[in-house]
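Here is the structure we will look at.
Worth knowing before you read on, the calculation uses all heavy atoms, side chains too, and leaves out hydrogens, waters and symmetry mates. Everything numeric in this text was worked out from a predicted model, so none of it was measured.
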Amino acid sequence: MVRGPVASFSVWDYVVFVGTVLGAAGIGLFQAIRGRKNTSSDEFLLGGRQMTAVPVAMSLTASFMSGITVIGTPAEAYRFGAAFWIFGISYAIMSIITAEIFVPLFYRLGITSTYEYLEMRFNKLIRVIGTTMYIIQTVNIHCINGSVLVCVSVTGLNLWGVLVATGVVCIIYCTLGGLKAVIWTDVFQMVIMLAGFVAVIARGAVIQGGLGKIWDDCYQGGRLNLFDFDPDPLKRHTFWTIVVGGSVMWASIYSINQSQVQRYISCKTLTQAKLSLYVNMIGLWVTVSLAVFSGLTMYSIYKNCDPLTNGDVGALDQLLPYLVMDILAAYPGVPGLFVAAAYSGTLSTVSSSINALVAVTVEDFIRPMYKNLTDKQVTWMNMGLSVFFGFLCIGMAAIASLMGSILQAALSIFGMISGPLLGLYLLGMFWRTANSTGGLTGLIVGLVITLWVGIGAQIYPPLADKTNPLPISVAGCNRTQDLNYTTLAPWTSAVTMTPLDRPALADSWYSLSYLYFCLLGTLVTVIVGLVVSAITGGCKQEKLSSDLFVRRSDLFCAGCGKDSEASEPEINEKAGSELNKGSNNAGFQDPQYNIVEKDVEKVTKM
């Protein structure tokens with residue numbers, strides 16, 4: 001088998017690709033025209049809180065399916081096997097935690113920004129710090145989407161044309177249509193992404209002689225050894241690292257990340273919000289299954305001639321685009337469909353990020369400073385910030401194109417801040433003794449610890465005995481070269497690094513599985529926060545409002561029963577204009593539940 005350069009985009013590929021971009025923009029314009037009579041901030045940022053479970057669920061899934069996921073997960077299965085399938089258990093645990101613990105609390109408080117809770121529970125300083133950490137994380141991770149760069153390098157698309165198109169299209173439907181446009185565009189983009197995976201699997205099955213042949217090749221190549229019960233926390237992927245570490249990592253994304261929270265709190269009822277997460281769980285299972293099987297299909301085709309070792313591609317993440325151009329180029333428009341799938345993941349992620357960045361900027365920085373803004377002024381501010389963050393994303397993506405893999409290594413470091421943030425929320429939601437001093441100290445210590453281990457892992461990547469790359473062959477190629485690769489994470493490119501001197505921590509502390517980074521940050525934040533709170537008088541705090549804590553009635557829809565409805569009328573869902581945001585929620589005007597005038601002032605005295 002001789003591998004080499006593959007075909008580039010044809011005219012029909014460009015037609016399909018451009019059609020996808022125009023389709024996304026068209027949906028945004030349609031939603032803008034449809035909702036032009038209601039231009040309130042609540043409508044723009046939360047869809048008027050009138051969304052239903054299914055479109056919100058598909059939007060949540062599409063946001064998860066970033067372009068990097070579309071490209072990176074199949075490459076992960078190709079190089080390391082199908083252990084990624086175990087993440088299905090993690091998604092189930094994450095969905096239960098988010099739906100039964102976080103959704104009732106956020107929904108009851110009627111917040112727009114997730115970080116409003118931090119001021120209600122602790123103080124304004126912690127809210128500002130949490131919002132700032134989110135903005136830095138989002139701009140650096142979601143706006144800079146490496147999948148676009150990967151597709152450009154393989155397909156021959158013009159880099160600047162793709163970057164500008166991404167930014168302009170997202171700006172159009174985010175600015176004009178708000179959250180409703182983002183959600184319905186995500187539904188369209190999810191269909192495109194799934195179609196791209198199906199095209200790869202179907203064509204691969206035809207070439208290899210059926211799905212059974214693909215499965216047998218992967219079994220013979222050791223790609224189907226899913227369950228490794230080794231408790232060693234230094235091994236990159238085992239059953240325990242994926243189920244335990246992966247569950248906490250994904251819980252930090254779905255439970256407190258503004259991009260995700262903003263979607264499910266836009267649902268018209270609490271039941272719809274919970275249901276959206278469980279429907280999303282099914283969507284995640286389907287997505288990961290198709291992505292992993294695409295990677296297994298790729299292994300079956302390239303089992304005797306690895307394009308990466310053969311020098312046909314420069315990085316692990318380029319394998320799937322290379323496969324598409326290799327096996328689908330004979331079908332005009334189909335490669336365009338796949339690239340449109342990866343591009344749709346990029347659009348979904350970037351648009352979600354823009355909308356979320358606007359929400360936290362307005363709610364956490366602008367409204368507290370200028371409390372007398374009219375609805376019209378806030379609406380124009382929302383639209384202006386959408387344009388600003390859209391162009392900021394274009395600029396950051398341009399920087400990424402110049403910096404390459406160095407920046408990719410930096411991006412994974414920013415992802416570590418979600419662990420300490422999750423610990424801060426859990427500290428506030430479950431422990432009444434936690435005070436603002438303990439929360440801030442725990443957050444700082446947790447962040448320092450995770451950045452320490454994360455930066456160390458980037459400088460001294462784990463060796464092959466911890467990452468467990470599976471064997472590949474170049475017996476069928478016309479040329480070979482010996483290369484050793486260490487992959488940092490499923491969404492990053494392969495990095496070759498062989499330092500001459502590795503310190504003692506390199507093969508212990510710095511080799512900790514990346515899936516445990518979030519768990520480590522969460523535990524450190526909670527433990528340090530509780531200890532410092534106890535030392536600084538947390539047990540002597542005045543009584544706090546019960547609305548700021550998780551209730552027994554929140555769990556497993558216990559609040560849907562008649563007794564709960566009778567005893568807790570304040571959590572009844574309010575639609576549209578009846579439900580204001582944050583501390584102004586009409587549900588808290590009753591003196592018994594007046595959080596702003598009573599309890600927040602008491603909490604923030606510390």
Side-chain angles (χ1 to χ4, degrees), residues 68 72 76 79-80 83 129 133-134 136-137 139-141 144 146 228 230-238 240-242 244-250 252-253 315-317 400 403-424 441-469 483-529:
I68 296 177
E76 164 76 19
R79 192 69 180 91
F80 296 92
I129 292 174
M133 290 170 65
Y134 169 76
I136 293 173
Q137 177 190 36
V139 170
N140 282 276
I141 293 178
I144 306 172
D228 179 1
D230 189 343
D232 184 1
L234 306 184
K235 294 186 71 172
R236 181 170 175 268
H237 279 172
T238 66
W240 304 114
T241 59
I242 293 176
V244 178
S247 296
V248 175
M249 183 185 73
W250 282 109
S252 72
I253 294 174
L316 192 67
D317 291 342
M403 296 183 66
S405 61
I406 296 177
L407 184 61
Q408 289 294 314
L411 297 185
S412 62
I413 296 175
F414 282 105
M416 299 165 200
I417 72 175
S418 59
L421 271 178
L422 177 63
L424 181 63
T441 305
L443 179 65
I444 293 173
V445 174
L447 186 61
V448 169
I449 293 294
T450 53
L451 288 178
W452 175 27
V453 65
I455 293 174
Q458 296 292 333
I459 298 174
Y460 303 103
L463 299 177
D465 63 327
K466 299 301 181 184
T467 59
N468 298 323
L483 296 173
N484 293 318
Y485 293 93
T486 301
T487 302
L488 301 179
W491 55 81
T492 60
S493 299
V495 176
T496 303
M497 180 177 288
T498 309
L500 297 177
D501 299 312
R502 291 175 64 88
L505 289 177
D507 297 321
S508 55
W509 178 243
Y510 296 154
S511 293
L512 183 70
S513 171
Y514 74 97
L515 292 174
Y516 280 141
F517 290 172
C518 185
L519 177 62
L520 175 66
T522 300
L523 291 176
V524 170
T525 300
V526 170
I527 294 172
V528 172

Task: Any pair counted as side-chain hydrogen bond (donor to acceptor under 3.5 Å, both in side chains), so long as it reaches residues 517-529, sequence neighbours left out - done: none

TODO: Report the distance from atom CG of Leu421 to atom OH of Tyr134, rounding to the nearest 0.5 Å.
DONE: 11.5 Å

Open item on the list: Rounded at 0.5 Å granularity, tell me how far NZ in Lys235 sits from CH2 in Trp240.
Closed with: 14.0 Å

Task: Partner set under side chain to side chain donor-acceptor pair (under 3.5 Å) for Ser252, not counting sequence neighbours - done: Ser418

Open item on the list: For a quick test of reading the model, state the closest non-hydrogen atom pair linking Pro420 to Thr450 and the distance between them.
Closed with: CG-OG1, 4.0 Å

Open item on the list: Quick check: closest heavy atoms across Phe517 and Leu512, and the distance to 0.1 Å?
Closed with: CE2-O, 3.6 Å

Open item on the list: Restricting to side chain to side chain donor-acceptor pair (under 3.5 Å), what partner residues turn up for Asp230, sequence neighbours left out?
Closed with: none

TODO: Could you tell me which residues satisfy side chain to side chain donor-acceptor pair (under 3.5 Å) with Thr238, sequence neighbours excluded, listed by chain and number?
DONE: Thr241

Task: For Ile253, side-chain contact (heavy atoms from CB on, under 4.5 Å) partners two or more places apart - done: Trp250, Gln260

Task: Contacts of Trp452 that satisfy side chain to side chain donor-acceptor pair (under 3.5 Å) - sequence neighbours left out - done: Tyr510

Open item on the list: Asp228 vs His237, test: side-chain contact (heavy atoms from CB on, under 4.5 Å). Steps then yes/no.
Closed with: CA-CA 8 Å; Asp228 179 1; His237 279 172; over 6 Å; no

- [ ] Measure the spacing between CG of Leu515 and CG of Leu520 and express it to the nearest 0.5 Å.
- [x] 13.0 Å

Task: Gap between atom CH2 of Trp509 and atom CG of Leu234 - 0.5 Å precision - done: 10.5 Å

